[in-house]
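Read through the structure below, which is laid out as structure tokens, and then see the notes.
Everything quoted here is computed from the prediction, not taken from an experiment.
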Amino acid sequence: MTPFEIETFPYTKDAAKAWRREDERRGNWPVVYVLNGPEKPAPPSVYVGETVNAGSRVLQHLSNPLKQQFRQVRVVFDETFNKSACLDLEAHLIRWLAGDGQYQVANGNAGLIDSRYYERDVYRESFADIFEQLRAEGLFQRSLLEIENSDLFKLSPFKVLTPEQANAVENILEGLFAALKSGRPSVSAIEGHPGTGKTIVAIYIMELLAEIRDHEGFPPDSLFADFFIPENKALLNGLRVGLVVPQQSLRESVRQVFKKTTKLSSDQVLDPFRVGEATDEWDLLIVDETHRLNHRANQSSAEQNNRFARINESLFQSDDLSKTQVDWLRAKSRHQLFLVDAEQTVRPADLPQKDLRDILELAQAGKRYFRLQTQMRVAAGTDYVAGVRALLRGNPNAAALKDIGEYDLRLFDDIGQMRDEIFAREAEFGLARVVAGFAWKWRSKGKANRDKIDIEIDGVQLRWNSTEKDWINKPGSLHEVGSIHTVQGYDLNYAGVVIGPDLRFDTATQSLFIDRASYHDVRGKQNNRKRRITYSDDDLLVFIRNIYGVLLTRGMLGTYIYVCDAPLREYLRENLPVAR
């Protein structure tokens, strides 16, 4: 393939006119261009586009009052470029710039398309070289591996949606605009297994709505071009939209993404308590990880318990113990979109199964229920997730786990060896971590106890995560063990999963059971005195198998497993496609 060229000139009318006159290609060749602003005032902006007339396109931008913040233009030429290759490179650069975090990306997300075209793989090989030259020129701070492993990249709204995700987005928008026109409230729901992209869809919709609200024209190549009409823009004018994320760590990660996105604000990322306590209301609340919302159960602190009661009293005139955080959100907004996976409830305080079913049934009744099935995280595919969940229910489905392709699934008899392999994968790919069920006390919690050992297995000594917020990306996390509360909602490249003595296997009955004494999440097994709910071992088994179901589906490229209970280890060895 012919080597590419990157030409740079100042973002001024005189410079653009002079540059255009020097070469015929500058007015008649498919190219990708990048406009970037000064380092100060922060954050600097960047915009990526593609065109067949670079000279005229830059002059059009210079005439746009909304694009006066840029200072420099880079144009990527290649004699083999065609329209499809340029669209593809444009989409890649937008995603990489968003993941790098040095610039605030001024693009919208509606026009990103993952099209097939002739020799796409060959073109994409050259994209990495283009990235490296742009990085050498200072447009990127981090390496490609670092960017693609970052939360900014993984949670970015600048994603190419799968056809299934795009269909869900299209139908959600159609329903929302119809409801806004009619003035009637609405409830929508998206259900999907881990890795089907529920969080990505939520963030994508947030950005897409802002883009429709602010548009001047419409992106003709977009799947959603039909929504870019004056009527919809008027409906969204002044509309208050929020994204509710129950988990603190994931919520903070999403806020960082919103800070780096031009049309979004970190103030739009909410915790359920903030919504319940607010004096004003929202038009639309999009709720990620709905299964982690709480009902009236023991909260993380006495103050949180008091807040729960105060919110109930404020919204419903009494501390009605039957009210949940879902009731808060519905009381504080006219439209809701809930993203749900009922098999990811992991604590008694999480929303009960009946409440989750009620949400789904309400959405189904209004014909606003959508299911995501295509696996976007685990390279082994959708069948792997279904197979793991079946195994944990004690109903192994050999067919579901028959073909996992090149997915690196291993079962270890030596935890030290598994840990060494995780270290090796970290050096090779990054984002390799050891995680475990809550089967050991957290003795090292707090600065005074930092040197204490939490987990000891066959002479290998380990400590729990030293922080609950953004643990995966913290220095030293490779040498610690993450709990469910640090990794739910996140991706890893490789997960080393320790299944502790809290989950066991009875060879006589061929069934899984729990060892309550070995389960050390205090709030994970606490009875609900206020609502007079007692959690049996069967109830705890549901929570614990859900925990391991989440942990075993974090690894995108591979999952390594060490099992403390010998019969359970053999049960997994017999039913997982691992080397024997």
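A side-chain donor from one of S477 and R433 sits under 3.5 Å from a side-chain acceptor of the other. A donor and an acceptor atom, one from each side chain of H291 and T345, are nowhere located under 3.5 Å apart. No hydrogens or angles considered: a donor-acceptor pair under 3.5 Å links the side chains of Y548 and D502. Between the side chains of R251 and Q248, not a single donor N or O lies within less than 3.5 Å of an accepting N or O. Between the side chains of N312 and D320, no donor-acceptor pair of N or O atoms lies under 3.5 Å. Side-chain contact check for Q344 and Q488: at least one donor-acceptor pair (N or O, by modelled atom type) lies under 3.5 Å. Between the side chains of Y407 and T559, at least one donor N or O lies within less than 3.5 Å of an accepting N or O. Side-chain polar atoms of Q256 and D151 form no donor-acceptor pair below 3.5 angstrom. If you check the side chains of N298 and N528, you find no donor sitting under 3.5 Å from an acceptor.
Proximity of a side-chain donor or acceptor of E480 to a complementary backbone N or O of L478 within less than 3.5 Å is not detected. D408 places no side-chain N or O within 3.5 Å of a backbone atom of L557 that could act as its donor or acceptor partner. Put simply, the side chain of N171 never gets that close to the backbone of K367: no donor and acceptor are under 3.5 Å apart. Side-chain atoms of K441 never come within 3.5 Å of backbone atoms of D454 as a donor-acceptor pair (strictly under, hydrogens ignored).
The 12-atom threshold is exceeded at CZ of R523, counting heavy atoms of other residues, nucleotides or ligands nearer than 6.0 Å. Surrounding NZ of K474 are more than 12 heavy atoms belonging to other residues, nucleotides or ligands, all under 6.0 Å away. Counting non-hydrogen atoms of neighbouring residues, nucleotides and ligands closer than 6.0 angstrom, the CZ atom of R450 exceeds 12 such neighbours.
Across A189 and I359, no two heavy atoms sit closer than the pair CB-CG2, 4.5 Å. The two atoms that bring R240 and E281 nearest to each other are NH1-O, 3.0 Å, heavy atoms only. F273 and F308 get closest at one heavy-atom pair: CE2-N, 3.9 Å.
In this structure, F505 and Y571 have parallel ring planes: the angle between them is below the 30° cut-off, well short of the 60° mark. Ring planes of F423 and H479: tilted class, angle from 30 to 60°.
Between K154 and L431 the shortest side-chain heavy-atom distance falls below 4.5 Å. With a 4.5 Å cut-off on side-chain heavy atoms, W328 and V244 do not count as touching. Between P348 and I533, every side-chain heavy-atom pair lies at or beyond the 4.5 Å cut-off.
L360 CG to R371 CZ: the interatomic distance, rounded to the nearest 0.5 Å, is 9.0 Å.
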